[in-house]
Amino acid sequence: MNFKLKSIILILFFVASCKSGHQTAYYNKTSGIDITKKKPKIWQANTPYNIEEFRAAWVATVANINWPSKPGLSTEEQKEEALSLLDFLAEHNYNAVIFQVRPQCDALYQSNIEPWSYYLTGKQGNPPAPFYDPLKFWVEEAHKRGLELHAWLNPYRAHHTSGGAISENSIVKTHPELVVELANGMWWMDPALEATKKHSLSVVEDIVKRYDIDGIHFDDYFYPYDSYNDGKDFPDDKSWLQYKNSEGKLNKSDWRRKQVNDFIKMVYYAIKKEKPYVKFGLSPFGIWRPGYPQSVTGYDQYNKLYADAKLWLNKGWIDYFTPQLYWKINKQGQSFPELLGWWSHENYQQRHLWPGIRVDHGGGQVNVDETINQIMISRGILPKSKGTVHWSIGPLIKYDTLSLNIVQRPYAKKALVPPSPWLDNTPPENPISHINVKKDEVFVTWKAHKPEDVFRYIFYFQYQGTKWDYEILTNSTLLKNIPLLNAETNSSLLKIGITAVDRTGNQSQFKEQEIIYTE
């Protein structure tokens with residue numbers, strides 16, 4: 001074989017190896033989740049520094065806790081209240097809202113599966129008038145403000161005691177075989193029934209398919225808290241006997257946990273089949289079991305709610321995990337940092353671990369210190385993917401001192417939602433940019449190669465003698481003008497850089513551009 005032929009073969013082998021390596025190392029929007037056991041390669045955009053942190057707040061609709069302020073408001077009043085909440089989050093440098101759209105087998109959106117929510121109109125089944133779709137409105141307005149919107153659902157609660165009269169189109173009436181009544185007046189779907197799983201899964205799939213959401217979110221209501229039934233066992237004798245009569249081998253507790261485990265896994269893969277970039281998040285009760293870690297005492301969700309939340313995190317059946325760590329830092333038996341540290345050691349698949357924190361401690365300086373210290377502790381324990389979810393938006397708005405201190409201190413600059421490389425680690429292409437220097441200003445314009453791949457833009461800039469700074473912009477912003485001289489330091493603009501960000505948080509390759517001064 002001559003030298004030339006050998007060279008051609010080596011080149012072809014090298015190219016084939018590179019292509020093969022790229023295909024096995026990266027996962028993109030079309031191929032979806034990584035179904036191999038290999039850890040995905042993390043894309044490095046080589047930006048000046050890390051500006052990533054998940055900052056979210058829950059907006060609860062059950063019992064009209066956060067929105068709307070009461071049932072039966074006009075469409076215009078509902079929209080005004082919603083915009084006020086979204087404006088608050090954007091102005092205080094949050095980047096996500098977790099919005100409750102299914103508080104009790106009803107819908108705060110147009111659905112052919114479940115009736116319109118009582119909490120919206122004051123009568124279950126009645127649409128808002130004049131008509132609008134609240135979830136569509138919230139998604140569009142959140143995205144305009146650079147906020148992700150995660151649709152929050154309760155998978156099993158059929159009817160809440162605050163939810164008005166049980167209507168004829170409630171699941172309690174339309175499918176009585178799926179529900180049981182609890183001592184406190186609530187109705188609950190039986191998680192062990194296949195029809196329950198099918199129904200709740202269809203709700204998730206419908207929302208993911210029809211709405212431009214960024215995440216699906218479940219909280220801590222799986223099997224109900226035993227206090228809801230006066231401490232008595234969950235009334236599922238019918239489904240339990242069916243299981244035993246079919247020669248089931250599991251004891252009742254393991255059988256119940258299996259029903260929830262199967263459903264969680266089913267939901268995760270259903271979401272990824274429809275839209276791989278849509279994240280699945282869970283916020284279970286903050287303690288897995290008493291004694292884990294050793295000094296922890298309190299409620300046993302494993303044996304009471306039949307929620308094996310540790311398993312879901314271990315297996316990576318979620319994209320972000322938000323245990324409700326609503327206790328103070330120095331709380332004996334339920335210490336915030338001790339519990340967060342334990343959960344971090346259970347995160348075998350390196351999913352996002354963004355703790356849920358309680359922000360209502362009276363509104364004074366103790367409240368400010370506790371909240372900010374918990375944010376800072378979370379950053380220290382979880383430096384690779386920082387983030388905190390706040391319960392709820394209500395106290396943040398109620399206590400001016402609290403919200404002002406947060407935005408002036410830990411949230412002084414906007415942040416980017418951290419990427420999820422197991423979903424997609426293929427970055428978008430670099431924007432095509434043009435710089436025009438005019439007198440005392442620099443005008444920068446840009447456009448994307450594929451606008452459909454861009455969710456955000458980051459505009460980086462550096463003045464002489466200072467560190468890089470940045471602004472996070474929406475995908476509709478394609479122009480930025482910036483002064484040639486920094487008014488505070490009287491220093492000249494040296495460099496700029498623009499990156500595009502996709503739906504899963506990947507930034508395009510950072511490339512700095514020098515500012516050329518001409519006479």
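Given the structure is predicted, the values throughout are model-derived calculations rather than measurements.
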Any Lys/Arg nitrogen of K173 or E168 sitting under 4.0 Å from an Asp/Glu carboxylate oxygen of the other?
yes

Can a side-chain donor-acceptor contact be found between E148 and H143 if the only test is distance below 3.5 angstrom?
no

Would a line drawn from the ring center of H150 to the ring center of F54 be shorter than 6.0 Å?
yes

Mark yes or no for whether K272, through its side chain, and Y277, through its backbone, hold a donor-acceptor pair below 3.5 Å.
no

If you take the centroid of each ring, where Trp contributes its six-membered ring, are Y306 and F222 closer together than 6.0 Å?
no

Going by distance alone, is a donor N or O of one side chain under 3.5 Å from an acceptor N or O of the other, for E346 and N314?
yes

Check for a donor-acceptor pair, side chain of N95 on one end and backbone N or O of R55 on the other, with a separation under 3.5 Å.
yes

Go through it in stages, so that I can follow the logic: the residues are R145 and D87, the test is salt bridge (Lys or Arg N to Asp or Glu O under 4.0 Å), and I'd like the CA-CA distance, side-chain angles, deciding distance and then a yes or no.
CA-CA 8 Å; R145 290 159 176 77; D87 284 342; 2.6 Å; yes

Are W422 and D319 close enough that a side-chain donor and a side-chain acceptor fall under 3.5 Å?
yes

Would D502 and V454 count as a side-chain contact (heavy atoms from CB on, under 4.5 Å) if you check the C-alpha gap in whole Å, the side-chain angles of each, and the deciding distance to 0.1 Å?
CA-CA 5 Å; D502 66 16; V454 181; over 6 Å; no

May I have the step-by-step check of salt bridge (Lys or Arg N to Asp or Glu O under 4.0 Å) for K144 and E140, ending in yes or no?
CA-CA 6 Å; K144 286 178 186 177; E140 290 174 352; 5.8 Å; no

Minimum-distance pair of heavy atoms, taken over all atoms of S170 and Q124
CB-OE1, 3.3 Å

Check whether NZ of the Lys or CZ of the Arg K310 lies under 6.0 Å from the centre of the six-membered ring of Y292 and within 45 degrees of that ring's axis.
no

Please confirm whether F285 and Y299 have ring centers closer than 6.0 angstrom.
yes

So, E338 and S295: side-chain donor and acceptor under 3.5 Å apart, yes or no?
yes

Between W354 and H352, how do the two ring planes meet: parallel, tilted or perpendicular, split at 30° and 60°?
parallel

Cation-pi, Y132 ring and K79 (6.0 angstrom, 45 degrees):
yes

Does the cation-pi check pass for R503 over F455, that is, NZ or CZ under 6.0 Å from the six-membered ring centre and within 45° of its axis?
yes

Is the centre of the F280 ring less than 6.0 Å from the centre of the H217 ring?
no

Is the shortest side-chain heavy-atom distance between S378 and L340 below 4.5 Å?
yes

Determine the minimum heavy-atom distance between I498 and W446, stating which atoms define it.
CD1-CE3, 3.5 Å

Test item: side-chain donor near acceptor, S162 and Y118, under 3.5 Å:
no

Distance-only polar pair, side chains of D308 and W288, donor-acceptor under 3.5 Å:
yes

So that I know where these two stand, are Y411 and H390 an aromatic pair - ring centroids less than 6.0 Å apart?
yes

Verify whether one side chain among Y326 and D360 offers a donor that lies under 3.5 Å from an acceptor in the other.
no

Test: R351 cationic atom under 6.0 Å from Y320 six-membered ring centre, within 45° of axis
no

Judged by modelled atom types alone, do Q110 and D133 share a side-chain donor-acceptor pair under 3.5 Å?
no

Keeping the roles fixed (side chain from S420, backbone from T504), state whether a donor-acceptor pair exists under 3.5 Å.
no

Examine the side chains of S117 and D106 and answer whether a donor and an acceptor come within less than 3.5 Å of each other.
yes

Parallel, tilted or perpendicular: ring planes of Y156 versus Y223, cut at 30 and 60 degrees
tilted

At what distance, to the nearest 0.5 angstrom, does CZ of F336 lie from CG of L325?
5.5 Å

Side chains of E114 and S111: donor-acceptor distance under 3.5 Å anywhere?
no

Would you verify whether the NZ or CZ of R157 falls within 45 degrees of the ring axis of Y221 while also being under 6.0 Å from that six-membered ring's centre?
yes

Does the side chain of D206 pick up a donor-acceptor pair with the side chain of Y211 at under 3.5 Å?
no

Residues K480, E471; criterion salt bridge (Lys or Arg N to Asp or Glu O under 4.0 Å); working and verdict:
CA-CA 10 Å; K480 180 69 182 175; E471 286 187 38; 2.8 Å; yes

Provide the closest heavy-atom pair for I287 versus P290 in the form atom of the first, atom of the second, distance.
CG2-N, 4.0 Å

Verify the distance criterion only: is there a donor paired with an acceptor across the side chains of N93 and K414 at less than 3.5 Å?
yes

With respect to T401, which candidate in I406, V368, N367 satisfies the side chain to side chain contact (heavy atoms under 4.5 Å, CB included) definition?
V368

Before you tell me yes or no, could you show the steps for W58 and N66 under side-chain contact (heavy atoms from CB on, under 4.5 Å), namely the whole-Å CA-CA distance, both residues' side-chain angles and the distance that decides it to 0.1 Å?
CA-CA 9 Å; W58 279 286; N66 298 132; 5.5 Å; no

Does W468 have its ring centroid less than 6.0 Å away from the ring centroid of F510?
yes

Would you check if the distance from the ring center of W67 to the ring center of W138 is below 6.0 Å?
yes

Is E52 salt-bridged to K386, cutoff N-O under 4.0 Å?
no

Taking atom types as modelled, is there a side-chain donor on Q365 or N405 under 3.5 Å from an acceptor on the other?
no

Exercise: identify the closest heavy-atom pair between G215 and V278:
CA-CG1, 3.8 Å

Closest heavy-atom pair, P421 versus I42, reported as atoms and distance to 0.1 Å, is CG-CG1, 4.2 Å

F263 to K197 - nearest heavy-atom pair and separation:
CE1-O, 3.6 Å

